[in-house]
Amino acid sequence: MSAAPLVGYSSSGSEDEAEAGDRVRPGAEGRSRGQSPLPGQRLPVPDSVLHMFPGTEEGPVDDSARHGGRVRTFPHERGNWATHVYVPYEAREEFLDLLDALLCHAQTYVPRLVRMEAFHLSLSQSVVLRHHWILPFVQALKDRVASFQRFCFTADQVKIYTNQEKTRTFVGLEVTSGHAHFLDLVAEVDRVMEEFDLSTFYQDPSFHISLAWCVGDARLQMEGPCLQELQGIVDEFEDSEMLLRAYAEQIRCKSGNKFFSMPLNLLHGGNVLLGVSVMTS
C-alpha cells in the first residue's frame with residue numbers, strides 16, 4: 001500500500017506573525033568623535049531608535065530547530081496568515097489510551113515518531129490569506145456551511161501519510177463511514193477558496209485524524225508489517241468500534257493565531273440553531 005499525500009497541513013507548524021529582523025545600522029567609518037560628517041555621509045542612528053522600528057525588508061530566519069525539524073512549506077511574508085479549515089476532534093481518555101498503544105508499537109519501527117498535540121480532520125489545504133481578507137473569508141465560509149447538519153463518522157483504518165514535499169510522515173486513522181458528508185463540506189469550502197483565488201482541496205481526499213508524526217519520509221519503515229500490526233491493535237482494542245465513532249459538530253478555521261468556530265446545525269424543538277464564535281490563542 002502506498003502512502004497517501006497528506007491533506008491540509010503546513011510542514012512548518014509556525015504560522016503566527018513574526019517580526020522581521022532589525023535593519024543593519026548605517027556606519028560612519030573613518031570619523032573620530034567630534035568630527036563633522038563629510039559631505040554625503042550620514043550620521044549613525046542610535047540603537048535605541050533603530051529598535052523602535054523593526055525592519056521590513058528582511059524576513060525572519062526560519063529556524064527549523066525551533067519546530068522539531070519541520071521546514072516551512074511556503075516562505076514567511078509579513079502580513080500573510082497561514083489559514084486552514086478543518087473539523088476538530090475531541091479526544092476522549094480511551095482514545096488517548098489507544099493512541100499510546102499505537103505510538104509505543106510504531107516507535108519500535110520509527111523511534112522519532114511523536115504524538116500529535118491536537119486532533120482534527122482537514123477540509124482544506126493550508127493556504128495564505130492577507131490579514132484584511134480573514135474576516136471576509138470567514139464570513140463567506142460561514143454562509144456556505146450554514147445549512148449543514150451535524151453528522152456521525154467513523155475513523156478506524158490505520159494509514160500512513162506524507163505531506164506533498166515528503167518532509168514529514170504521519171500515522172493517521174482514515175474515515176470509513178461519513179465520507180460523503182465530508183465531501184459535501186469540502187465542496188462548499190472549495191467554493192470559498194475559489195472566490196478568494198486560493199488552492200482548493202485534493203482530488204479524491206483521504207479524510208483522517210493524524211495521530212503521530214515525524215520529520216522525513218518514513219513510509220518504507222512503516223508500511224507492510226508495521227501498518228498491519230497497528231491495524232491489529234486498533235481492531236483488538238476494547239470497544240474500538242464505538243470508541244472510534246464520533247460526531248462532526250463544528251467547522252473551525254485557523255488563520256495565524258486566530259480561531260473561528262462555526263457550529264453545524266442542531267435541530268432542537270423544530271428550530272435550527274446557528275452560530276459563530278472567535279477565539280485567539
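This is a predicted model, so every value here is computed, not measured. Atom set for the values below is all heavy atoms of this structure, side chains included, hydrogens, waters and symmetry mates excluded.
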Item to check | Contact summary for Val138 and Cys253, nearest pair of heavy atoms | outcome: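 For Val138 versus Cys253, the nearest heavy atoms are CG2-SG, 4.3 Å.
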Checklist entry - What are the two closest non-hydrogen atoms of Phe201 and Gln125, and how far apart are they? => result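 Taking every non-hydrogen atom into account, CD1-N, 3.6 Å.
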Next on the checklist: Please evaluate residues Glu236 and Gln231 with respect to the criterion side-chain contact (heavy atoms from CB on, under 4.5 Å), reporting the C-alpha separation (whole Å), side-chain torsions for both, the decisive distance (0.1 Å), and the verdict.
Outcome noted: CA-CA 9 Å; Glu236 296 169 9; Gln231 187 63 55; over 6 Å; no
With rounding to the nearest 0.5 angstrom, report the [atom1] to [atom2] distance, [X] to [Y].
X      : Y      : atom1 : atom2 : result
Glu195 : Trp133 : CD    : CH2   : 10.5 Å
Ser255 : Ile134 : OG    : CD1   : 3.5 Å
Met222 : Leu230 : CE    : CG    : 5.5 Å
Phe153 : Leu121 : CZ    : CG    : 5.0 Å
Asp217 : Thr162 : CG    : OG1   : 6.0 Å
Leu98  : Ile233 : CG    : CD1   : 8.0 Å

Next on the checklist: Looking at Lys254 and Gly256, would you say the former's side chain and the latter's main chain have a donor-acceptor pair under 3.5 Å?
Outcome noted: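 Yes, the answer is positive, given that a donor and an acceptor are paired below the 3.5 Å cut-off.
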Next on the checklist: Is it the case that the side chain of Asp239 and the backbone of Met242 share a donor-acceptor pair, with hydrogens and angles ignored and the cut-off at 3.5 Å?
Outcome noted: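 Between the backbone of Met242 and the side chain of Asp239 there is no qualifying donor-acceptor contact (under 3.5 Å).
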Item to check | Residues that Arg150 engages under side-chain contact (heavy atoms from CB on, under 4.5 Å), provided they are two or more places apart | outcome: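 For Arg150 the side-chain contact (heavy atoms from CB on, under 4.5 Å) partners, ignoring immediate neighbours, are Glu249, Pro263, Leu264, Leu266.
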Residues 172-187, side-chain donor-acceptor partners within the protein, below 3.5 Å, at least two apart:
residue: Glu174; atom: OE2; partner: Lys159; partner atom: NZ; Å: 3.4
residue: Glu174; atom: OE2; partner: Ser206; partner atom: OG; Å: 2.8
residue: Thr176; atom: OG1; partner: Asp156; partner atom: OD1; Å: 2.8
residue: Ser177; atom: OG; partner: Thr154; partner atom: N; Å: 3.3
residue: Ser177; atom: OG; partner: Thr154; partner atom: OG1; Å: 3.1

Next on the checklist: I'd like to check the salt bridge (Lys or Arg N to Asp or Glu O under 4.0 Å) partners of Arg191; sequence neighbours left out, ordered by chain and number.
Outcome noted: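 With sequence neighbours excluded, Arg191 shows a salt bridge (Lys or Arg N to Asp or Glu O under 4.0 Å) to Glu188, given in chain and number order.
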Next on the checklist: Test of understanding: with salt bridge (Lys or Arg N to Asp or Glu O under 4.0 Å), list the residues that count as partners of Glu241, not counting sequence neighbours.
Outcome noted: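 Partners of Glu241 under the salt bridge (Lys or Arg N to Asp or Glu O under 4.0 Å) test: none.
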Checklist entry - Between Arg252 and Gln250, is any side-chain donor less than 3.5 angstrom from a side-chain acceptor? => result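 Yes.
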Checklist entry - When hydrophobic residues are tied together by side-chain contacts of less than 4.5 Å, even through go-betweens, does Leu96 share a cluster with Ile209? => result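 The answer is yes; both residues are in one hydrophobic cluster.
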Next on the checklist: Is there a path of hydrophobic side-chain contacts, each under 4.5 Å between heavy atoms, that joins Phe196 and Leu135?
Outcome noted: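 Per the 4.5 Å side-chain linkage, Phe196 and Leu135 are co-clustered.
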Checklist entry - Do Asn80 and Arg130 pass the side-chain contact (heavy atoms from CB on, under 4.5 Å) test, and can you show the C-alpha distance, the side-chain angles, and the key distance before you say yes or no? => result CA-CA 5 Å; Asn80 285 351; Arg130 298 296 294 176; 2.7 Å; yes
Item to check | Aromatic ring proximity, centroids under 6.0 angstrom, Phe95 and Phe119 | outcome: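 Distance test on ring centres: under 6.0 Å, yes.
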Would you mind writing out the side-chain donor-acceptor pairs for residues 105-114 within the sub-3.5 Å range, not counting sequence neighbours?
residue: His105; atom: NE2; partner: Glu229; partner atom: OE1; Å: 2.6
residue: Gln107; atom: NE2; partner: Leu113; partner atom: O; Å: 2.9
residue: Thr108; atom: OG1; partner: His105; partner atom: O; Å: 2.5
residue: Tyr109; atom: OH; partner: Glu229; partner atom: OE1; Å: 2.8
residue: Tyr109; atom: OH; partner: Glu229; partner atom: OE2; Å: 3.1
residue: Arg112; atom: NE; partner: Val215; partner atom: O; Å: 2.8
residue: Arg112; atom: NH2; partner: Val215; partner atom: O; Å: 3.3

Next on the checklist: As a quick check of understanding, evaluate side-chain contact (heavy atoms from CB on, under 4.5 Å) for Gln139 and Phe137, giving each step before the final call.
Outcome noted: CA-CA 5 Å; Gln139 183 60 52; Phe137 177 87; over 6 Å; no
Next on the checklist: Please determine whether side-chain contact (heavy atoms from CB on, under 4.5 Å) holds for the pair Leu102 and Phe237, giving the CA-CA distance in whole Å, both sets of side-chain angles, and the decisive distance to 0.1 Å.
Outcome noted: CA-CA 10 Å; Leu102 290 170; Phe237 198 81; over 6 Å; no
Looking at side-chain heavy atoms only, is the closest gap between [X] and [Y] below 4.5 Å?
X      : Y      : result
Leu103 : Leu211 : no
Lys142 : Phe260 : no
Arg245 : Cys152 : yes
Val234 : Leu244 : yes

Next on the checklist: Angle between ring planes, His208 versus Tyr161, binned at 30° and 60°: parallel, tilted or perpendicular?
Outcome noted: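 His208 and Tyr161: parallel rings.
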Checklist entry - With sequence neighbours left out, which residue pairs that include part of residues 86-102 fulfil the side-chain hydrogen bond (donor to acceptor under 3.5 Å, both in side chains) condition? => result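 Non-adjacent pairs meeting side-chain hydrogen bond (donor to acceptor under 3.5 Å, both in side chains): Asp100-Arg115.
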Item to check | The single option from Asp190, Thr83, Val127 passing side-chain contact (heavy atoms from CB on, under 4.5 Å) against Leu198 | outcome: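 Among Asp190, Thr83, Val127, the one meeting side-chain contact (heavy atoms from CB on, under 4.5 Å) with Leu198 is Val127.
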Checklist entry - Can you tell which of Ser122, Ser124, Ser126 makes a side chain to side chain donor-acceptor pair (under 3.5 Å) with His84? => result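 Between His84 and the candidates, side chain to side chain donor-acceptor pair (under 3.5 Å) is satisfied uniquely by Ser122.
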